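Shown next, in structure tokens, is the structure this report addresses.
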Amino acid sequence: QLVESGGGSVQPGGSLRLSCVGSGSTLDSYAIGWFRQAPGKEREGISCISSNGEGTKYTDSVKGRFYISRDNAKNTAYLEMNILKPEDSDVYYCAAARNTYPYFCHGLPRDWQYDSWGQGTQVTVSS
């Protein structure tokens, strides 16, 4: 089970850090993906980090603004979001894929690759 936190409301240009905690199982054998979804739209995979933290991937729209990381000792993954824009307003989800392949995050995360999902956390960027 995954539990996200850290969402909220922020002005354009602001920052938020989302956390994703594994509950009931350790995450060190899982790649972690972050997704976001707006009402009526398909869920978009925006970032991925491999199980050992050495491989990361970002979609172009967040590259240079968002940073994914993990602390396996704390069983937690993070998505640091900077220079937030109104178009970043979505529900954000973390997901875990049981896979230790170091190049798992060679491509952007896809829904079907992931086994476990968090409940989502709302991010709203507005002035």
Side-chain angles (χ1 to χ4, degrees):
Q1 185 180 359
L2 302 174
V3 179
E4 299 114 336
S5 62
S9 296
V10 64
Q11 292 187 339
S15 299
L16 287 172
R17 188 175 79 158
L18 306 183
S19 298
C20 174
V21 180
S23 176
S25 60
T26 58
L27 295 182
D28 56 2
S29 297
Y30 291 80
I32 300 295
W34 284 96
F35 296 76
R36 63 185 182 185
Q37 187 172 25
K41 293 188 176 181
E42 290 188 1
R43 189 156 49 191
E44 175 191 17
I46 60 172
S47 187
C48 175
I49 187 167
S50 62
S51 61
N52 64 1
E54 294 183 3
T56 59
K57 184 73 173 181
Y58 301 92
T59 193
D60 286 346
S61 62
V62 307
K63 200 174 294 182
R65 300 188 298 123
F66 291 13
Y67 298 94
I68 192 169
S69 62
R70 65 189 299 157
D71 185 339
N72 285 344
K74 294 183 178 180
N75 217 33
T76 303
Y78 305 95
L79 185 68
E80 181 180 345
M81 306 186 297
N82 303 307
I83 318 175
L84 282 161
K85 305 175 181 180
E87 52 264 41
D88 294 319
S89 298
D90 277 324
V91 178
Y92 284 71
Y93 299 88
C94 67
R98 188 172 181 86
N99 194 303
T100 58
Y101 182 54
Y103 300 103
F104 181 83
C105 293
H106 181 72
L108 287 171
R110 302 293 180 91
D111 286 24
W112 55 267
Q113 296 176 304
Y114 291 82
D115 312 300
S116 301
W117 292 81
Q119 81 286 357
T121 186
Q122 177 71 49
V123 171
T124 302
V125 185
S126 174
S127 56

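Values below: all heavy atoms of this structure, side chains included; hydrogens, waters and symmetry mates excluded. This structure is a prediction, so every number in the text was calculated from the model and none was measured. Along the sequence shown, residues carry numbers from 1.
- Judged by distance alone, with hydrogens and angles left aside, the side-chain atoms of Asp90 form no donor-acceptor pair with the main-chain N or O of Tyr92 at under 3.5 Å.
- Side-chain N/O atoms of Thr26 and Asn75 include no donor and acceptor closer than 3.5 Å.
- The shortest side-chain heavy-atom distance between Pro12 and Pro86 falls under the 4.5 Å cut-off.
- Tyr93 and Val123 are not part of a single hydrophobic cluster, where members link through side-chain heavy atoms under 4.5 Å apart.
- Two rings, from Phe35 and Trp117, have their centers less than 6.0 Å apart.
- Rounded to the nearest 0.5 Å, atoms CZ (Arg36) and CZ (Arg43) are 14.0 Å apart.
- Legend: residues meeting salt bridge (charged side-chain N to carboxylate O under 4.0 Å, His left out) with Arg65, ordered by chain and number and at least two apart, are Asp88.
- Hydrophobic clustering, with ILVMFWY side chains joined whenever heavy atoms are under 4.5 angstrom apart, keeps Ile32 apart from Leu108.
- Leu79 contributes atom CG, which lies 8.5 Å from atom OG of Ser69 (distance to the nearest 0.5 angstrom).
- A salt bridge is absent between Arg17 and Glu80; no separation between the charged side-chain nitrogens and carboxylate oxygens falls under 4.0 Å.
- Ser47 contributes a side-chain N or O that, together with a main-chain N or O of Lys57, makes up a donor-acceptor pair within less than 3.5 Å.
- To the nearest 0.5 angstrom, Gln113 atom CD is 7.0 Å from Cys48 atom SG.
- In this view, Asp60 and Lys63 satisfy the salt bridge (charged side-chain N to carboxylate O under 4.0 Å, His left out) rule, not counting sequence neighbours.
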Which pairs would a plain distance check flag for residues 97-107, meaning a side-chain donor or acceptor within less than 3.5 Å of a matching protein atom at least two apart in sequence or in another chain?
{"unit_1": "Arg98", "atom_1": "NH1", "unit_2": "Tyr30", "atom_2": "OH", "d": "3.2"}
{"unit_1": "Asn99", "atom_1": "OD1", "unit_2": "Tyr101", "atom_2": "N", "d": "2.8"}

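- With rounding to the nearest 0.5 Å, the separation of CZ in Phe66 from CG in Leu18 is 8.0 Å.
- One N or O on the side chain of Ser89 and one on the backbone of Val125 form a donor-acceptor pair closer than 3.5 Å.
- Within the 4.5 Å cutoff, the side chain of Tyr67 has no heavy atoms near those of the Tyr78 side chain.
- For the pair Arg70 (side chain) and Leu27 (backbone), a donor-acceptor distance under 3.5 Å is present.
- Checked by atom type and distance alone, the side chain of Tyr58 pairs as donor or acceptor with a backbone atom of Ile68 at under 3.5 Å.
- The two atoms that bring Gly33 and Pro109 nearest to each other are CA-CB, 4.5 Å, heavy atoms only.
- Summarising the geometry, atom SG belonging to Cys20 is positioned 4.5 Å from atom CG belonging to Leu2; distances are rounded to the nearest 0.5 Å.
- Linking ILVMFWY side-chain heavy atoms closer than 4.5 Å, directly or via other members, places Met81 and Ile46 in a single hydrophobic cluster.
- Gln119 places a side-chain N or O within donor-acceptor distance of the main-chain N or O of Glu4, the cut-off being under 3.5 Å.
- How far OG1 of Thr121 is from CG of Leu16: 8.5 Å, rounded to the nearest 0.5 Å.
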